[in-house]
Amino acid sequence: MKIYLFVFLLIIGCSKKNENVLYVYNWSDYIDETVLTDFEKEYGIKIIYDTYSSNEELLAKLQAGSGGYDVIFPSDYMVTIMAQNSLLEELNIKSLTNLKNIDQLFLNPTYDPEQKYSIPYTSGLTGIAYRTDLVTDEIDSWKIFWNAKYKNKTMLLNDMREVYAMAFKILGYSVNDTDPIHLAEAQKLLIDQKKYLKKYESDMSKDFLLTKEASIIQQWVGDSYQIMEQDSNIAFVIPKEGSIKFTDNICIPKGAKHKENAEKFINYLLRPDIAARIINVISYSMPNLAALPMVNDEIKNDKNIYPDEELIKKYEFVLDLGEYTSTMEKAWTELKSY
Amino acid sequence: MDTSSQNNLLYRSSKYYLLLPSYFWVIVFFILPLILLFTISFASKQTYGGYEINFHLDNYARAIDPIYLKIAIRTFFYSITTTIFCFLLGYPIAYYISFTDGFKKVVLMFLILLPFWTNFLIRVYSWNTILGSYGLINSSLISLGVIDTPFDLLNNYISVNIGLLYGELPYMVLPIVASIDRIDRSILEASSDLGASKYYTFFNVTLPLSMPGIISGVVFVLIPTLGQFVIPDLLGGNDSFMIGNIITNQFIVVRDWPFGSTLSVYMMGFVMIPLYLYLRYSKLSLNSVIS
């Protein structure tokens with residue numbers, strides 16, 4: 001018995017030492033998985049892949065000091081927050097030779113003006129995915145979530161900023177509104193909506209739409225297109241009030257143990273052929289200009305994925321709210337508990 | 001001082017040295033975290049996480065808001081119903097297992113333990129395919145012509161309670177099997193020899209003698225259910241948020257450790273009540289056995 005234990009420990013000890021690994025923490029359904037296996041083959045680095053479903057979840061994990069991840073994918077405003085709280089490692093830009101493929105418009109963004117911590121990965125909008133076979137009304141507004149006909153058949157994202165952004169937009173305010181009176185109005189609206197809501201759910205709501213458990217969900221564009229490929233009765237619309245537009249970024253968290261591997265991985269993701277493969281699977285646009293010729297036409301020409309100026313006028317980037325974040329988080333806890 | 005008393009002293013102190021590892025364990029993994037939790041519950045949250053210790057009771061005042069009280073009551077209610085149903089379902093199972101023997105008993109015990117071989121999350125998640133609008137139950141009932149529109153079984157209190165019952169049942173069955181096993185079969189024979197009916201024997205002999213197992217089962221089911229968050233998260237909806245969900249949310253989403261700690265302190269205080277009753281009861285039964 002003792003011998004077995006000793007051998008077992010020896011095996012564990014050995015395998016740990018020789019491992020050339022990379023811990024990647026990404027949003028769920030946010031990469032072409034064959035891209036990961038190809039990276040492993042090409043570089044001889046083993047990827048350990050894990051997923052999360054909101055920026056806040058990612059922040060909490062890093063704040064608690066747990067995780068041990070090497071590559072993360074925070075959205076725009078979260079890059080600002082993480083940089084301010086020194087949770088991000090500065091990137092060695094020189095090692096990222098494929099950065100030249102990225103659209104100049106996406107470089108040096110306001111959330112990371114010196115391009116010190118982040119590289120833009122994807123961008124997209126939030127809208128409504130629904131089942132055309134179960135929904136008889138024409139959907140063009142967020143107000144559909146208050147329609148009693150779809151009681152217990154609606155799901156909203158389990159994401160504080162997305163849910164309040166929707167309410168703010170209906171009330172005609174900015175998604176970054178910091179007036180407590182406006183927040184109270186939004187809260188009242190959302191509490192009223194809970195009568196018709198089945199669940200706040202980000203990842204599984206797509207499965208629930210596929211299994212007809214839900215008929216209308218708030219969802220991000222690419223995720224919606226991913227399930228539209230599986231079921232022709234699912235459609236996606238951009239509501240007329242607008243909502244959130246986002247750029248998700250590739251970053252290295254502070255204290256990452258495999259920083260060099262991480263930079264190899266980032267540079268790999270910026271390669272045109274790799275980027276095009278990812279776009280074709282996840283249906284989110286990437287600011288990678290060199291990849292564009294290899295992107296499927298139906299994705300390239302889709303206004304929801306590659307929106308024009310006209311469409312995104314009503315869409316806003318989420319900004320860090322500073323101290324006010326706590327006020328909103330308190331309201332969010334109350335809303336979910338209500 | 002003679003040598004025997006010295007030896008005795010040595011023996012006594014060495015006994016305490018042997019206890020050191022367990023003391024270490026209890027202090028590092030139980031007492032220290034508890035102290036930390038208690039201290040943080042009096043702190044203030046900083047905007048992006050972290051906390052500032054400045055002893056105040058704001059969190060305690062905030063936690064008694066009717067919104068959270070409502071959830072606390074719901075959590076308590078779910079725990080009680082889960083415990084009752086686990087008992088009603090678990091006792092006959094345990095009774096049957098205990099009164100079989102040989103290979104059959106081994107197989108039955110194996111079947112009770114079998115689910116533990118699969119990850120808990122997968123087992124809970126798979127209830128989705130059973131309870132869904134077009135899941136196993138609804139699609140069978142529809143194809144049999146019993147109903148036209150599917151029952152709403154998933155993502156509400158029904159699925160949460162089914163999930164809780166399913167998840168906790170083994171913890172009720174196992175201690176009861178153990179306690180029925182321990183009952184001296186000759187006592188039961190004596191009861192029937194003296195003319196007691198089967199029912200009379202069960203209610204006056206078997207059931208009281210298996211009480212320690214029942215009490216353990218109740219504690220094993222009731223207390224974990226009070227803190228449950230995985231099942232309401234995976235199977236629940238809008239109407240089935242439990243106190244464990246609020247607490248996990250404080251830690252993993254809004255980074256409000258102080259408020260999460262406060263809720264945990266309240267919870268612990270509450271859990272102490274059944275635990276105290278359990279300890280009192282088990283002490284009493286121990287005394288009655290001795291006397």
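Numbers restart at 1 for each chain; the letters A, B, ... are given by sequence-line order, proteins then strands.
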**Request:** Kindly say whether the aromatic ring centers of Y130(A) and Y150(A) come within a distance under 6.0 Å.
**Result:** no
**Prompt:** So which residues of residues 153-165 of chain A are in contact with chain B at a heavy-atom cut-off of under 4.5 Å?
**Reply:** K153(A), M155(A)
**Message:** Assess the residue pair L136(B) and T129(B) against the criterion (side chain to side chain contact (heavy atoms under 4.5 Å, CB included)); give the C-alpha distance rounded to whole Å, side-chain angles, the decisive distance to 0.1 Å, and a yes or no.
**Reply:** CA-CA 6 Å; L136(B) 198 64; T129(B) 50; over 6 Å; no
**Asked** Looking at R74(B) and D239(B), does any basic side-chain N land under 4.0 Å from a carboxylate oxygen?
**Response** no
**Message:** Applying salt bridge (charged side-chain N to carboxylate O under 4.0 Å, His left out), can you list everything that pairs with K195(A), at least two apart in sequence or on another chain?
**Reply:** D192(A)
**Request:** Specify whether F42(B) and F38(B) have parallel, tilted or perpendicular ring planes, treating 30° as the upper limit for parallel and 60° as the lower limit for perpendicular.
**Result:** perpendicular
**Request:** Check whether F251(B) gets within reach of chain A through its side chain, its backbone, both or neither, counting any heavy atom under 4.5 Å.
**Result:** backbone
**Message:** If I take atom NZ from residue K149(A) and atom CD1 from residue I216(A), how far apart are they, to the nearest 0.5 angstrom?
**Reply:** 9.0 Å
**Asked** How about W117(B) and F110(B): are their ring centres within less than 6.0 Å of each other?
**Response** yes
**Message:** For residues 331-338 of chain A, give me every residue with a non-hydrogen atom less than 4.5 Å from any non-hydrogen atom of chain B.
**Reply:** W332(A), T333(A), E334(A), K336(A), S337(A), Y338(A)
**Asked** Could you name the residues of residues 204-212 of chain A that have a heavy atom within less than 4.5 Å of a heavy atom in chain B?
**Response** M204(A), D207(A), F208(A), T211(A), K212(A)
**Item:** Selection from P66(B), G236(B), G135(B), G50(B) maximising heavy-atom pairs under 4.5 Å formed with chain A
**Value:** G236(B)
**Asked** Does some side-chain heavy atom of I191(A) sit less than 4.5 Å from a side-chain heavy atom of Q187(A)?
**Response** yes
